[in-house]
2 protein chains.
Amino acid sequence: MPTPARTSIQAIVAAGRAILDADGLDGLTMSRVAAAVGVRPPSLYKRVRDRSDLVRLIANDVASELTLTLDSAATSADPRANLRAIAGAFRAWALTHPEAFHLLFDRVPEHERIDPDLNARSAAALLRTTAELAGEADALEAARTVVAWANGFLGMELAGAFRLGGNVDRAFEYGVERLTRAIER
Amino acid sequence: MPTPARTSIQAIVAAGRAILDADGLDGLTMSRVAAAVGVRPPSLYKRVRDRSDLVRLIANDVASELTLTLDSAATSADPRANLRAIAGAFRAWALTHPEAFHLLFDRVPEHERIDPDLNARSAAALLRTTAELAGEADALEAARTVVAWANGFLGMELAGAFRLGGNVDRAFEYGVERLTRAIER
DNA sequence: ACCTGAACACCGTTCAAGT
DNA sequence: ACCTGAACACCGTTCAAGT
């Protein structure tokens, strides 16, 4: 005798994302997710293979959100302004969603990684901009340099690693400006 | 009636470091550390407050090792060559000690953070070099830009984030060269 | 003074039994 | 077809009892 479904994969991922944002990856237990969607923990295994699978689905969601954020920021005709806008939007997003940032950019076990095409899509806006600045031949290398710097900077800022004084906002501006000049043809 | 000590804090930290390198932070269980030093798990709590405390002590060790590595690399009179050497030594160290790298540079809970003076000491060689390249006034900002880039690059390399093709070695060289020029006065 | 077994509160996950 | 309680193998940690 069939029982009607009491939850859905969408509800589970949404609840997981909310718990991630609120309490981080360590707070994301199967028990809390189950409680949030109104079932018992074992029922979750009808929709996700295991916790890693759920983490991966949440990471996909987060990647899509970030792609949207970066694309919306990259609206200028001037590539220098665009790079500045993309970097600023990235930082604002990371500072308001620190746990989501870490989920995307800290070490991620193989089976929690986002889909490759989501990865490519999130890089598109930046690649267009670096192609204009550095030329097509150096676009990928230039984009990697910028992303590495931004990831590293935000990771350190979120980790509280800037403990030698100074103004962090100014250090970010300094970095954007120098990086832009560094990759320009 | 006193019982002779069967282990020591040094042995515990050393065993913990070995387990970290071999199996990562998730593999670093109190049970495995205890087995490695020949006691039962509860005995560890005579030497460390809890697991976080042990992780912090291991991180201190790792930071000292990295400082030594970077200092040994920074031997040139030419600051450009020095920056290149420091970056290269950092990358080589990170690629041979990926788990230690993550322990230092991924998100770290407050009570697992290394001692502030170890932090300052590990930055010294780089700060000397960026002061020569960018001038005293911009030395800190320049160092932050370089460290952010290097941390971000290595974090992405270790995470397998460079999935859009291209040569990773070449991207690192490209980055070092561009960064050097970017921060030069 | 140090070490230990037993116990506790938590995990993720499986599975037989219920509807 | 989905949901559940019970169970299992793990965690970190505490503590009374042993030497």
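Note: hydrogens, waters and symmetry copies are ignored here, and every other heavy atom, side chains too, is used. Chain A is the first sequence line, chain B the second, and so forth, proteins listed ahead of strands; every chain is numbered from 1.
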Protein-nucleotide distance (B/Tyr45, atom OH; D/dG12, atom P), rounded to Å:
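B/Tyr45 atom OH is separated from D/dG12 atom P by 6 Å.
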
Separation of atom CZ in B/Arg40 from atom C1' in D/dT14, rounded to whole Å:
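Computing the B/Arg40:CZ to D/dT14:C1' distance gives 17 Å.
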
Where the side chain of [X] meets the backbone of [Y], is there a donor-acceptor pair that is under 3.5 Å apart?
X	Y	value
A/Asp138	A/Ile183	no
A/Asp115	A/Leu118	no
B/Asp50	B/Asp53	yes

Go through [options] for me and flag the one nearest to the [X] side chain.
X	options	answer
B/Met30	C/dT4, D/dG12, C/dT13	D/dG12
A/Lys46	D/dC2, C/dT13, C/dT4	D/dC2
A/Thr29	C/dG12, D/dC11, D/dT13	C/dG12
B/Arg51	D/dG12, C/dC2, C/dT14	D/dG12

Contact list for residues 166-185 of chain B, test ring-ring contact (aromatic ring centres under 6.0 Å, His included), sequence neighbours left out:
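Of all non-adjacent pairs touching residues 166-185 of chain B, those that pass ring-ring contact (aromatic ring centres under 6.0 Å, His included) are B/Trp149-B/Phe172, B/Phe153-B/Phe172.
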
Taking only residues two or more places apart in sequence, or in another chain, which ones meet B/Arg91 in a salt bridge (Lys or Arg N to Asp or Glu O under 4.0 Å)?
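Salt bridge (Lys or Arg N to Asp or Glu O under 4.0 Å) list for B/Arg91, sorted by chain: B/Glu157, B/Asp169.
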
Roughly how far apart are B/Glu99 CD and B/Ile19 CD1, rounded to 0.5 Å?
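So the CD of B/Glu99 and the CD1 of B/Ile19 are separated by 12.5 Å.
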
Stem regions touching DNA chain C, defined by at least 3 consecutive Watson-Crick or wobble G-U pairs below 3.5 angstrom:
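The stems that DNA chain C takes part in, listed by first number, are C:4-8 with D:12-16, C:12-16 with D:4-8.
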
Could you tell me whether B/Arg47 contacts a base, only the sugar-phosphate backbone, or nothing, with contacts defined as non-hydrogen atoms closer than 4.0 Å?
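B/Arg47: backbone/sugar contact only, no base atoms under 4.0 Å.
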
Report which part of the nucleic acid A/Ser52 touches: base, sugar-phosphate, or nothing (heavy-atom distance under 4.0 Å, all strands).
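The answer is nothing, as A/Ser52 stays clear of every strand by at least 4.0 Å.
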
Does C/dT4 have its OP1 or OP2 closer than 4.0 Å to a side-chain nitrogen or oxygen of B/Ser43?
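Yes.
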
Measuring to OP1 and OP2 of C/dC2, would you say a side-chain N or O of B/Arg6 lies under 4.0 angstrom away?
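Checking C/dC2 against B/Arg6, no side-chain N or O comes under 4.0 Å of OP1 or OP2.
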
